[in-house]
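To keep things clear, I will list the structure first and then write my remarks on it.
Note that ligands are numbered from 1 as they come in the structure, with each ligand's atoms numbered from 1 the same way.
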Amino acid sequence: MIIVTGGAGFIGANFVLRWLQQADEPLLVIDKLTYAGNLDNLADVQGDDRFGFERADICDRDRIVALLAQRRPRAIVHFAAESHVDRSIHGPGEFVRTNVTGTFELLEAARAYWSELQANDRKAFRFLHVSTDEVYGSLGADDPAFSETTPYAPNSPYAASKAAADHLVRAYHHTYGLPTLTGNCSNNYGPFQFPEKLIPLTIANALEGQALPVYGDGQNVRDWLYVTDHCDALARVLEAGRPGETYNIGGKNEVKNIAVVQTICTILDELRPSARPYAQQITFVTDRPGHDRRYAIDPGKIERELGWTPAETFTTGLRRTVRWYLDHPDWVARVRDGRYREWIERQYGATAPSPQPLSR
Ligand code: NAD
Ligand code: TYD
């Protein structure tokens, strides 16, 4: 079996659902269920014998050690993190705690478990760390895309905390021989993304008649990848990646933010026409401090070495995403009004605070 940390979040949940559709191997999700963890995302696999869930904090090493001893996984796929740049600007402490200390505690638990395995199991074990392209910093308009050898230059507290985690993972391979793998992926979008990130926020606000906030001049560029393409890339890295290596994952879909928002408006105008074009709701707002101008991933290594290529273009993936949000108004409503926390609090106690809207 495999263990998936952060499996109740956006990418983790997509990974879990896809894994259980495609592989006949059980998995255990370990998730603290912060504001970003939503068990609604995993509703389709509740009751599946191959699926297990434990509410636990990755910083709690003893708990992780006990779970590893009990479940005896052949791999850990590590998604758990604080993931929103704007939240890291308002409160960086939680990012250092989960992304740096949490990854360290998880690595220590994994190392202790792995070092006691039989030779064959030790060789086959994998620790797959899910990271971001934001560790490389910001590109100018004409710079080449990030490769695996681009120097790290993180600019936000989020990016710095992920960079620190990446360095720890690298060191655990280099020093102890732990069979680690790292994926550095560009911006994801798709079903179950928390509506504080650009694409789901734009869709939800548009439908509610609210402003569509675009930071600064809207000319910042992100390289978008549909979430299931990322999940497939990770499954491939887990299967065939070389221990100690990092793989850049991206779909060569560079788009300016203003174009992302305008395209969503155009799709909504067609699929859910309103009295006036949705683009009239676009509002330019104060820029994010230290806002990275451009990200772009060169996915040449994963394409060449592992034969991975994305199935979705930005055009097909964005339509699919808008349709998903239109088809799941209850999911959106339960997240937006906080109801998704009610079951968690009944089941586990009110230990995690409800999400607070970010003040701008
Ligand atoms: P998310 O915020 O939607 O989900 C994070 C999950 O981790 C939540 O379920 C949360 O409850 C859980 N979690 C947080 N702190 C925890 C802790 N201390 N212990 C256990 N669980 C904890 O994030 P996401 O967008 O799904 O991102 C997943 C991973 O992918 C992150 O590591 C992120 O850095 C990386 N990543 C994200 C993107 C993106 O565009 N979203 C792109 C590249 C890489
Ligand atoms: P986001 O989804 O927060 O991802 P990241 O900061 O990790 O790239 O933001 C994507 C881009 O959209 C980023 O350049 C910031 C911008 N943005 C807005 O213009 N308005 C918004 O309301 C949000 C949330 C983001």
Can you find an N/O atom of D31 closer than 3.5 Å to an N/O atom of ligand 1? yes

Provide the number and element of each atom of ligand 1 under 4.0 Å from a heavy atom of V130. 30 (O), 32 (O)

Can you establish whether the number of heavy atoms outside R323 located under 6.0 Å from its atom CZ is more than 12? no

Counting heavy atoms under 4.0 Å, the part of K162 that contacts ligand 1 is side chain

I need the N187 CG to D223 CG distance, nearest 0.5 Å. 8.0 Å

Would you tell me which option among T34, I64, L106, T98 has the nearest heavy-atom contact to atom 10 (C) of ligand 1? T34

For ligand 2, the portion of N257 having any non-hydrogen atom under 4.0 Å away: side chain

Part of F192 within contact of ligand 1 (heavy atoms, under 4.0 Å): neither

D292 bridged to R222 by N-O distance under 4.0 Å: no

Ligand 1 atoms in contact with S131 (distance to a heavy atom under 4.0 Å): 43 (C), 44 (C)

Please confirm whether C59 comes within less than 3.5 Å of ligand 1 when only nitrogen or oxygen atoms on both sides are compared. no

How close does the nearest protein non-hydrogen atom get to atom 19 (N) of ligand 1, and which residue and atom is it? I58 N, 3.0 Å

If you compare Y189, Y158, Y35, F10 by their heavy atoms, the one closest to atom 33 (C) of ligand 1 turns out to be Y158

Would you call R339 and D330 a salt bridge, using N to O less than 4.0 angstrom? no

Looking at E312 and R320, is any side-chain nitrogen of the basic one under 4.0 Å from a carboxylate oxygen of the acidic one? yes

Where does A56 meet ligand 1, judged by heavy-atom distances below 4.0 Å: at the side chain, the backbone, both, or neither? backbone

Under 6.0 Å from the ring centre and within 45 degrees of the ring axis: does the NZ or CZ of R236 meet both conditions for the six-membered ring of Y247? no

Mark the output for F194 as yes if a heavy-atom distance to ligand 1 is under 4.0 Å, and as no if none is. no

Do the side chains of R304 and E148 get close enough for a salt bridge, i.e. N-O under 4.0 angstrom? no

Please check if the number of heavy atoms outside K301 that lie under 6.0 Å from its NZ is greater than 12. yes

Checking the N or O distance criterion of under 3.5 Å, is ligand 1 in contact with Q193? no

Tell me if the NZ atom of K197 is crowded by more than 12 foreign heavy atoms within 6.0 Å. yes

In this structure, does ligand 1 have an atom that sits under 4.0 Å from one of the heavy atoms of G102? no

N or O contact, E134 vs ligand 2, cut-off under 3.5 Å: yes

G183 touching ligand 1 at heavy-atom level, < 4.0 angstrom: no

Residues R63, E105: salt bridge by 4.0 Å N-O rule: no

For ligand 2, is any non-hydrogen atom under 4.0 Å from L201's backbone (N, CA, C, O), its side chain (CB onward), both, or neither? side chain

Tell me whether Q118 at atom CD has more than 12 heavy atoms from other residues, nucleotides or ligands lying less than 6.0 Å away. no

Which is closest to atom 24 (C) of ligand 2 by heavy-atom distance: K256, Q193, E196, R294? E196

What atoms of ligand 1 come closer than 4.0 angstrom to any heavy atom of L33? 11 (O)

If you measure every N/O of I11 against every N/O of ligand 1, is any gap under 3.5 Å? yes

Quick one: does ligand 2 sit under 4.0 Å from the side chain of I199, the backbone, both or neither, non-hydrogen atoms only? neither

Return yes if a side-chain donor-acceptor contact under 3.5 Å exists between Y189 and N253, otherwise no. no

Any salt bridge linking E82 with R97? Criterion: basic side-chain nitrogen under 4.0 Å from a carboxylate oxygen. no

Just verifying a value: how many Å separate Q210 CD and L201 CG, rounded to the nearest 0.5 Å? 8.5 Å

Report the relative orientation of the aromatic rings in Y158 and F95; use parallel for angles under 30°, tilted for 30 to 60°, perpendicular for over 60°. perpendicular

Does ligand 1 come near enough to N188 that some N or O of the ligand is less than 3.5 Å from an N or O of the residue? yes

Given C185, S161, S83, A81, identify the one with the heavy atom nearest to atom 5 (C) of ligand 1. A81

A13: heavy atom below 4.0 Å from ligand 1, yes or no? no

Show the atoms of ligand 2 that are less than 4.0 angstrom away from any heavy atom in V85. 6 (O), 7 (O)

May I ask you to decide whether D217 forms a salt bridge with R293, counting only side-chain N to carboxylate O separations under 4.0 Å? yes

Show the atoms of ligand 2 that are less than 4.0 angstrom away from any heavy atom in H84. 3 (O)

When you measure from the heavy atoms of N187 to every atom of ligand 1, does any distance fall below 4.0 Å? yes

Is it the case that ligand 1 has an N or O less than 3.5 angstrom from some N or O of K32? yes

